[in-house]
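Quick notes on the structure that follows.
Numbering of residues begins at 1 and proceeds along the displayed sequence.
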Amino acid sequence: VVDRHNAGTIEFLLTLAHSGFRIAGVESRMAAPGRAPSTVVSTVTGILEENRLVRLWGVQRDITAAQEAEERLRESRSLVQGIAEATPDLLHVFDLLERRTLYTNRDIAAALGYPSAERGDPGDDPEERLAHPYDLPRLRAVTDRLRGARDGEFIQTEYRMKHRNGEWRWFLRRDTLFTRTADGLP
């Protein structure tokens with residue numbers, strides 16, 4: 001039985017007809033009487049007799065809950081990104097095992113006046129290039145200290161970074177473990 005007044009049903013049947021009565025993975029909105037509309041993915045074959053559609057054979061999978069979860073995830077990511085961009089601090093997520101930057105809310109080299117051509121590769125650690133030579137051993141020691149740190153523990157380090165104009169700027173760095181591997185490594 002086809003509800004001739006349901007725009008979603010009519011659209012689906014038109015798509016089916018235009019595809020030669022075979023569709024796979026087509027997303028559509030459906031509304032059963034008395035129920036909220038849902039989004040389904042359909043794979044359908046139309047059975048024709050004497051050039052007339054007599055029945056449909058197929059599968060529909062309701063993806064409404066998955067779409068709603070994806071929307072909540074997008075909203076959550078947008079909120080976190082907004083917070084990260086609004087904070088005046090530099091947020092930096094660094095992979096200790098691969099020794100590369102995974103995330104930063106702003107480029108520290110840009111904050112120190114360096115144009116993009118002088119900033120290095122996106123995954124590089126600018127501290128290795130811009131930190132004061134006397135501070136580098138202390139910064140490198142933070143990595144060793146993090147390997148033995150407890151979850152939630154912060155390691156605080158003061159150091160200098162070179163501004164493009166040649167001046168040294170002081171930074172206060174607070175490091176903590178963000179995640180561990182399955183083996184418990186930071």
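Annotation: the span from Q67 atom CD to R74 atom CZ amounts to 8.5 Å, rounded to 0.5 Å. Interatomic distance, CG of L177 versus CG of L185, reported as 10.5 Å (0.5 Å rounding). To the nearest 0.5 angstrom, S76 atom OG is 11.5 Å from E71 atom CD. Distance OG1/T45 to CZ/R22: 4.5 Å, rounded to 0.5 Å.
Residues L130 and L90 fall within the same hydrophobic cluster, defined by Ile, Leu, Val, Met, Phe, Trp and Tyr side chains chained together at heavy-atom separations under 4.5 Å. Cluster membership for V26 and V41, using ILVMFWY side-chain heavy atoms within less than 4.5 angstrom, is not shared. Both L13 and V44 belong to a common hydrophobic cluster when Ile, Leu, Val, Met, Phe, Trp and Tyr are linked at side-chain heavy-atom distances under 4.5 angstrom.
Using a 4.5 Å cut-off on side-chain heavy atoms (C-beta onward), H132 and M161 make no contact. Proximity of T176 to I155: side-chain heavy atoms (C-beta onward) are nowhere separated by under 4.5 Å. Residues R138 and V142 have side chains not in contact (no heavy-atom distance under 4.5 Å, counting atoms from C-beta outward). With a 4.5 Å cut-off on side-chain heavy atoms, R100 and L96 do not count as touching. Side-chain contact between Y114 and K162 is present, with heavy atoms from C-beta onward closer than 4.5 Å. Residues D135 and W168 have side chains not in contact (no heavy-atom distance under 4.5 Å, counting atoms from C-beta outward). V80 places none of its side-chain heavy atoms less than 4.5 Å from the side chain of R77. A heavy-atom distance below 4.5 Å is not found between the side chains of S28 and T39.
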> Should D95 and F178 be marked as a side-chain contact (heavy atoms from CB on, under 4.5 Å) after you check the CA-CA gap, both sets of side-chain angles, and the distance that decides it?
Replying inline: CA-CA 10 Å; D95 186 320; F178 194 65; over 6 Å; no
>> Walk me through whether L139 and R173 qualify under side-chain contact (heavy atoms from CB on, under 4.5 Å).
In response: CA-CA 9 Å; L139 286 171; R173 180 171 139 176; 3.4 Å; yes
> Yes or no on side-chain contact (heavy atoms from CB on, under 4.5 Å) for E27 and I63, after CA distance, side-chain angles and deciding distance?
Replying inline: CA-CA 9 Å; E27 199 173 292; I63 60 168; 3.7 Å; yes
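Shown here are the side chain to side chain donor-acceptor pair (under 3.5 Å) partners of E75, two or more places apart in sequence or in another chain: there are none.
Between R52 and E50, no side-chain nitrogen of the basic residue sits less than 4.0 Å from a carboxylate oxygen of the acidic one, so the salt-bridge criterion is not met. A salt bridge is absent between E11 and R29: the closest approach of a Lys/Arg side-chain nitrogen to an acidic carboxylate oxygen does not fall below 4.0 angstrom. Under the 4.0 Å criterion applied to side-chain N and carboxylate O atoms, D175 and R145 are not assigned as salt-bridge partners. The residues E128 and R140 are annotated as salt-bridged, a charged nitrogen and a carboxylate oxygen being separated by less than 4.0 angstrom. Ion pairing between a basic and an acidic side chain is recognised when a charged N comes within 4.0 Å of a carboxylate O; E70 and R72 show no such pairing.
The minimum heavy-atom distance between E153 and A149, with the atom names listed, is OE1-CA, 3.4 Å. Pairing each heavy atom of T43 with each of A24, the nearest pair is OG1-CA, 3.7 Å.
When the shell of 6.0 Å around OH of Y103 is examined, it contains more than 12 heavy atoms from other residues, nucleotides or ligands. A 6.0 Å sphere centred on CZ of R150 holds no more than 12 heavy atoms belonging to other residues, nucleotides or ligands. Within 6.0 Å of CZ in R180 there are more than 12 heavy atoms belonging to other residues, nucleotides or ligands.
Donor-acceptor pairing under 3.5 Å is lacking for the side chains of T181 and D183. For Q81 and E85, the side-chain atoms include at least one donor-acceptor pair closer than 3.5 Å.
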Under 3.5 Å, sequence neighbours excluded: what are the donor-acceptor pairs made by side chains of residues 53-61?
{"from": "Q60", "atom 1": "NE2", "to": "S42", "atom 2": "OG", "distance (Å)": "3.0"}

